[in-house]
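Notes follow the structure.
No hydrogens, no waters, no symmetry mates; every other heavy atom, side chains included, goes into these values. What you are looking at is a predicted structure, and each value in this text was computed from that prediction instead of being measured.
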Amino acid sequence: MIKNKKLLYLAFIPFVVSMALNFPYPHERPYGETLLEIFNIPIRSANGFQIIGILSLILLFASFFLLVRSITKYQGRMVLLAILIAIFAPSMLANAYQQTFADGIYAVSYDHEWSNCRFEMIGESTLRGECDLPFENYSSHDVQFTLEFNDSFYFEDDIKMESLLNISGPHTVKLAGHERKVEKVYTEIDVTEIENHVDSGTSSGVSIVIKSGENMRRL
């Protein structure tokens, strides 16, 4: 079945690199994008293409080409199996690590999809903001961290929304071992001197940054 062991071994290199670039941990975005930010390399090209996505596809196709050349039978099945592994393995490995070995804020899971914020003016100069943020601590130890908000949506006029909550921050969250809870953030903000701000509205999929000492995660 194996025609060339060297090609088979070589096929693993671009395959593993591609999965590593798409590893969704410790931040919400793929690990490859974190590396690009560290080296000040643009995440998107001038045409709007995702550089990590394009690079990952190139590496995968190179891996599939080497795989097909290295075996004599079941090429289609092996390529299909490799595609399934590339799709599901990064998130499964990240979840497995977080639930077993991680500690501190790295053991904290944030349910991004179920998070939401609501904003409403309660006077001429006061904006009320409320957020529900679902967290779970997979470790057996208590965890405490601060959180900051990033705007999930970018408006043409740079209207501020979730980031306004940072004015009254940083907000502290405490989680007991293996605790799951929805952290509720409530604040009233004086927007007298803020030119561009939301008057009312809701948002979901809230982007946050959690910090504990020198450790930081973007979720």
Handout entry: In one Ile/Leu/Val/Met/Phe/Trp/Tyr side-chain cluster, 4.5 Å: Val79, Ile85
Key = yes
Tyr186 atom OH: more than 12 heavy-atom contacts under 6.0 Å: yes
Do you reckon Leu93 sits in the same ILVMFWY cluster as Tyr106, going by side-chain contacts under 4.5 Å, direct or chained? yes
Interatomic distance, CG@Asn116 vs CG@Asp132, rounded to 0.5 Å, equals 5.0 Å
message: So Ile210 and Val173, do their side chains get closer than 4.5 Å, heavy atoms only?
response: no
So CZ of Phe61 and CG of Leu67: to nearest 0.5 Å the spacing works out to 13.5 Å
Exercise. Counting N and O atoms only, with roles assigned by atom type, does the side chain of Lys174 sit under 3.5 Å from a partner on the main chain of Asp142, one being a donor and the other an acceptor?
Worked result: no
Any side-chain heavy atom of Ile105 sitting closer than 4.5 Å to one from Met216? no
Closest non-hydrogen atoms of Ser91 and Pro24, given as atom of the first, atom of the second and distance, are CA-CG, 3.9 Å
Side chain proximity check, Tyr25 to Arg217, heavy atoms < 4.5 angstrom:
yes
Check for me, please, whether Phe12 and Tyr74 land in the same ILVMFWY cluster - side-chain distances under 4.5 Å, paths through other members count. yes
Review point. Are Leu81 and Val68 linked, directly or through other ILVMFWY residues, by side chains that come within less than 4.5 angstrom of each other?
Key: yes
So does Arg180 have more than 12 non-hydrogen atoms from other groups sitting under 6.0 Å from CZ? no
The reported gap from CD in Glu148 to OG in Ser207 (rounded to nearest 0.5 angstrom) is 13.0 Å
message: Using only atom types and a distance under 3.5 Å, with no angle test, would you say the side chain of Thr100 pairs donor to acceptor with the backbone of Ala96?
response: yes
Donor-acceptor contact below 3.5 Å, side chain Asn137 vs main chain Ala176: yes
The reported gap from OH in Tyr97 to CZ in Phe23 (rounded to nearest 0.5 angstrom) is 9.0 Å
Checklist entry - Hey, does Phe145 have a side-chain heavy atom less than 4.5 Å from the side chain of Leu175? => result yes
Q. Hey, are the side chains of Ile83 and Leu60 touching, using non-hydrogen atoms and a 4.5 Å cut-off?
A. no
When you measure from the side chain of His141 to the backbone of Gly177, do you find a donor-acceptor pair of N or O atoms at a distance under 3.5 Å?
no
message = Between Arg128 and Glu130 (salt bridge meaning N to carboxylate O under 4.0 Å), is one present in this structure?
response = yes
* Asked: Does Asn166 reach the main-chain N or O of Phe149 with its side chain, forming a donor-acceptor pair under 3.5 Å?
  -> yes
Notebook entry, point to check: Taking C-beta and beyond as the side chain, do Ser109 and Phe135 meet within less than 4.5 Å on heavy atoms?
Noted result: no
Q.
Under a 3.5 Å distance rule, please check whether Thr146 uses its side chain to pair with a backbone N or O of Thr172 as donor and acceptor.
A. no
If only atom types and distance count, is the side chain of Ser115 paired as donor or acceptor with the main-chain N or O of Val206 below 3.5 Å?
-> yes
- Task: Apply the test side chain to side chain donor-acceptor pair (under 3.5 Å) to residues Glu162 and Ser203: give CA-CA distance (whole Å), side-chain angles for both, the deciding distance (0.1 Å), then the verdict.
- Result: CA-CA 8 Å; Glu162 294 102 325; Ser203 64; 2.9 Å; yes
Do Tyr138 and Leu147 share a hydrophobic cluster, counting only Ile, Leu, Val, Met, Phe, Trp and Tyr and linking them when any side-chain heavy atoms are less than 4.5 Å apart?
-> no
Are there over 12 heavy-atom neighbours, none belonging to Met92, within less than 6.0 Å of that residue's CE? no
Quiz item: Should Glu183 and Cys131 count as side-chain neighbours, where that means a heavy-atom distance under 4.5 Å?
Solution: no
Can you confirm whether Gln144 sits close enough to Ser212 that some side-chain heavy atom of one is under 4.5 Å from a side-chain heavy atom of the other? no
When rounded to the nearest 0.5 Å, the distance separating NE2 of His112 from OG of Ser204 is 8.5 Å
Here the gap from Ser56 atom OG to Asn22 atom CG, rounded to the nearest 0.5 Å, amounts to 4.0 Å
Can you classify the ring geometry of Phe15 versus Phe64 as parallel (below 30°), tilted (30 to 60°) or perpendicular (above 60°)?
tilted
